[in-house]
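What follows is one structure encoded as structure tokens, with my remarks underneath.
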Amino acid sequence: MPHSKIKSLLSTSPVSQEVTSKGWVRSNRTGKNVSFIALNDGSCLANLQIVADAQKFPKELLMSAQTGACISVTGKLVASTGSGQPVEIQADSIEILGASDPAVYPLQKKGHSLEFLREIAHLRFRTNTFGAVFRIRHSLAYAIHEFFHKRGFYYLHTPIITGSDCEGAGAMFRVTAMDLKNPLKTPNGDIDFAKDFFGKETYLTVSGQLEGELGALALSEIYTFGPTFRAENSNTTRHLSEFWMIEPEMAFYDLKDNMRLAEDFLKYLIQFVLDNNKEDLEFLNKMYDSTLIEKLRFVTQNNFRHLTYTEGMDIIQKSGKKFELQIQWGSDLQSEHERFLVEEHFKTPVILTDYPKDIKAFYMKQNEDGKTVRAMDILFPGIGEIIGGSQREENYEKLVNRIREMKIDEKNLGWYLDTRRFGTCVHSGFGLGFERLVLFATGMSNIRDVIPFPRAPKEAAF
RNA sequence: UCCUCGGUAGCUCAGUUGGUUAGAGCAGUAGACUGUUAAUCUAUUGGUCGCAGGUUCGAGUCCUGCCCGGGGAGCCA
């Protein structure tokens, strides 16, 4: 008999039909006359209640269906006489598919700390919290593809192994097939990468943007969605060494078009979760962040606040607030300043634009003032920078000059510069940190709790 | 990498100015009871106090080093 997912059983009206359910036992309350087993298969937050008449089953069977065990149950789906659930299964047969010794099974019926669950990340999927988080993560990933597909964007796969070491977005992990104990050397003693697997130095990508631009200048509107790697020694609640990033890149978009797309995009994704993950959100709202749903609604219903870096700096300096670090025009905003703008001053997501060129990347479109570039950062409460993007410099001369000013080796960028030599056009794009979005959408506070297998300095289990 | 707080039973924690056999709740185990909802009640197993040194008559408690974890900062998404 094919089994049904618990999510669909719970929304089936009880007409006493025979059904089979398979899942993992969350709790088992066995008495003299009757056993109640809470079964969960991950299809939804709620458990399915299995009622087993003690007369019909050997006691050993009922006792072995303990927390953690995987079981299959067949019986009648009936209206529940208890108050906690609409329907339940009156069991006719119960099979232990996989036993679990409760004396050593790490998960208990009680709640566990997130720190403890991080240490047993291979089992944390079986908790209410991580079930909810990863269902929401899935929804967001799905909604990202849906959003772009509806708008005619193409999903472009940019390389994970890259030979361009000048992407400028942080330290990179080297990729090599050489024997590190005995690497091949050149006559003057340097490591001879020409003899390595790819015949050159290669790394894991820190961004698909530059390659994405190549696609956009042919397919018009593309996006990437893939893993990204940064070898920074960052130990924070918002950084990972391996994370997923979404990078749309659009021909014929100026900075304003870019900002409009980014705002529509974020609102669409959050609305999708509000529409499709109500039960999970309510759980997280209750357990972790009592303002979660309110915050998500607020984002979908209000326009983001737009202001330039210069205006933002003005507000910070005139606020009279004491900051750890004093800043002036030209310095990068610190976390405390971003938080002040977003969480205290405006109390809404903020898009900051037109940053000083010296604190931004070489490829950003230079403004006429000679001092700023058409960059935009979207700042979210509790998260900080969730999106960073810009209009790209499409003028060949200006771009080359900037590359030389910043002492970047242009030899390796010929392929990139070719887009400016042959049929260049105004174009823009941005990068969204997927886990930061999941963090915001779930109300969790540590980014390691919104990715299944976190990679961070000194952490690469599984 | 820096700052800061922490590491005591499977989990969450208490442990006084250094003092004798280190405690609780939950989980587990045994039993009772029950259309129960993280059920309830009774009994009970369980600890090299992160690791290594040091001070002391005596260290979970004080000192030094190291390891691990939380939070914050920087780098950024």
Original post:
Does OP1 or OP2 of B/G72 have a side-chain N or O of A/R339 closer than 4.0 Å?
Top reply: no

**OP:** Quick one: label A/R118 by what it contacts on the DNA or RNA (base, sugar-phosphate, nothing), any heavy atom closer than 4.0 Å.
**Re:** sugar-phosphate

**OP:** Could you tell me whether A/Q90 contacts a base, only the sugar-phosphate backbone, or nothing, with contacts defined as non-hydrogen atoms closer than 4.0 Å?
**Re:** base

Original post:
Separation of A/I447 atom CD1 from B/G70 atom P, in whole Å?
Top reply: 14 Å

Original post:
Are the ring of A/F243 and the base ring of B/A77 both nearer than 5.5 Å at their centres and tilted by less than 30°?
Top reply: yes

**OP:** Record whether the side chain of A/R230 comes under 3.5 Å of the base of B/A77 through a donor-acceptor pair of N or O atoms.
**Re:** yes

**OP:** Respond yes when some side-chain nitrogen or oxygen of A/S113 is under 4.0 Å from OP1 or OP2 of B/U12, and no when none is.
**Re:** yes

Original post:
Quantified in whole Å, what is the P atom distance between nucleotide B/C62 and nucleotide B/C68?
Top reply: 23 Å

Original post:
Does the side chain of A/R305 reach to within under 4.5 Å of the side chain of A/I351, using non-hydrogen atoms?
Top reply: no

Original post:
Looking across every strand, which nucleic acid part, if any, lies under 4.0 Å from A/T67 by heavy atom: base, sugar-phosphate, or nothing?
Top reply: nothing

Subject >> Spacing of A/F434 atom CZ relative to B/C76 atom P, expressed in whole Å >> reply: 23 Å

Original post:
Checking all strands, does A/E88 fall into the base, sugar-phosphate, or nothing category for heavy-atom contacts under 4.0 angstrom?
Top reply: base

Original post:
Which whole-number value in Å describes the distance from A/L114 CG to B/C11 P?
Top reply: 15 Å

Subject >> Side-chain donor/acceptor contact of A/R29 with base of B/C33 under 3.5 Å >> reply: no

**OP:** Report which part of the nucleic acid A/T236 touches: base, sugar-phosphate, or nothing (heavy-atom distance under 4.0 Å, all strands).
**Re:** base

Subject >> N or O in side chain of A/R238 less than 4.0 angstrom from B/A73 OP1/OP2 >> reply: yes

Original post:
Base, sugar-phosphate, or nothing: which does A/P106 touch, judged by heavy atoms less than 4.0 Å apart?
Top reply: nothing

Original post:
Could A/R238 and A/E385 be called an ion pair, given the rule that one side-chain N must be under 4.0 Å from one carboxylate O?
Top reply: no

Subject >> Flag side-chain contact, heavy atom, 4.5 Å: A/I246 against A/T224 >> reply: no

**OP:** Scan A/T127 against the nucleic acid and name what it touches under 4.0 Å (heavy atoms): base, sugar-phosphate only, or nothing.
**Re:** nothing

Subject >> Side-chain N or O of A/S207 closer than 4.0 Å to phosphate OP1/OP2 of B/A77 >> reply: no

Original post:
Would you find more than 12 non-hydrogen atoms of other residues, nucleotides or ligands less than 6.0 Å from A/K295 atom NZ?
Top reply: yes

**OP:** Under 4.0 Å between any heavy atoms, over every strand shown, what does A/L240 touch: base, sugar-phosphate, or nothing? Just pick one.
**Re:** base

**OP:** Starting from P on B/U36, measure out to NZ on A/K109 and report it in whole angstrom.
**Re:** 16 Å

Original post:
Can you find an N or O donor on one side and an acceptor on the other, under 3.5 Å apart, linking the side chain of A/E324 with the base of B/G72?
Top reply: no

**OP:** For B/A22, give its Watson-Crick or G-U wobble partner with both distances under 3.5 Å, or none.
**Re:** none

Original post:
Of the options A/T308, A/D377, A/L307, which is the one that meets A/T353 in a side chain to side chain contact (heavy atoms under 4.5 Å, CB included)?
Top reply: A/T308

Subject >> Touch class at under 4.0 angstrom, heavy-atom based, for A/G82 against every strand present >> reply: base

**OP:** Mind checking A/I386 for me? I need base, sugar-phosphate or nothing, with any heavy atom below 4.0 Å counting as a touch.
**Re:** sugar-phosphate

Original post:
Ignoring hydrogens and angles, does a donor from either the side chain of A/Q66 or the base of B/G28 sit under 3.5 Å from an acceptor on the other?
Top reply: no

Subject >> Short N-O contact, A/R230 and A/E242, less than 4.0 angstrom >> reply: no

**OP:** Let me know the distance between CD1 of A/I383 and P of B/G72, rounded to the nearest Å.
**Re:** 11 Å

**OP:** Starting from C1' on B/C76, measure out to CG on A/L432 and report it in whole angstrom.
**Re:** 13 Å

**OP:** Answer with base, sugar-phosphate or nothing: what part of the nucleic acid does A/Q334 contact at a heavy-atom distance below 4.0 Å?
**Re:** sugar-phosphate

Subject >> Touch class at under 4.0 angstrom, heavy-atom based, for A/G111 against every strand present >> reply: base

**OP:** Under 4.0 Å between any heavy atoms, over every strand shown, what does A/N446 touch: base, sugar-phosphate, or nothing? Just pick one.
**Re:** sugar-phosphate

**OP:** State, with a plain yes or no, whether a side-chain heavy atom of A/I144 is found less than 4.5 Å away from one of A/Y142.
**Re:** no

Original post:
B/A77 P sits how many Å from A/L266 CG, rounded?
Top reply: 15 Å

**OP:** Tell me what A/S27 touches on the nucleic acid: a base, only sugar-phosphate, or nothing, going by heavy atoms under 4.0 Å.
**Re:** sugar-phosphate

Original post:
Between B/G71 and A/T237, is there an OP1 or OP2 to side-chain N/O distance shorter than 4.0 Å?
Top reply: no

**OP:** Mark yes or no for a side-chain to base donor-acceptor pair under 3.5 Å between A/Q108 and B/G28, with no hydrogen or angle criteria applied.
**Re:** no

Original post:
Nearest of B/G74, B/U36, B/C76 to any side-chain atom of A/S80?
Top reply: B/U36

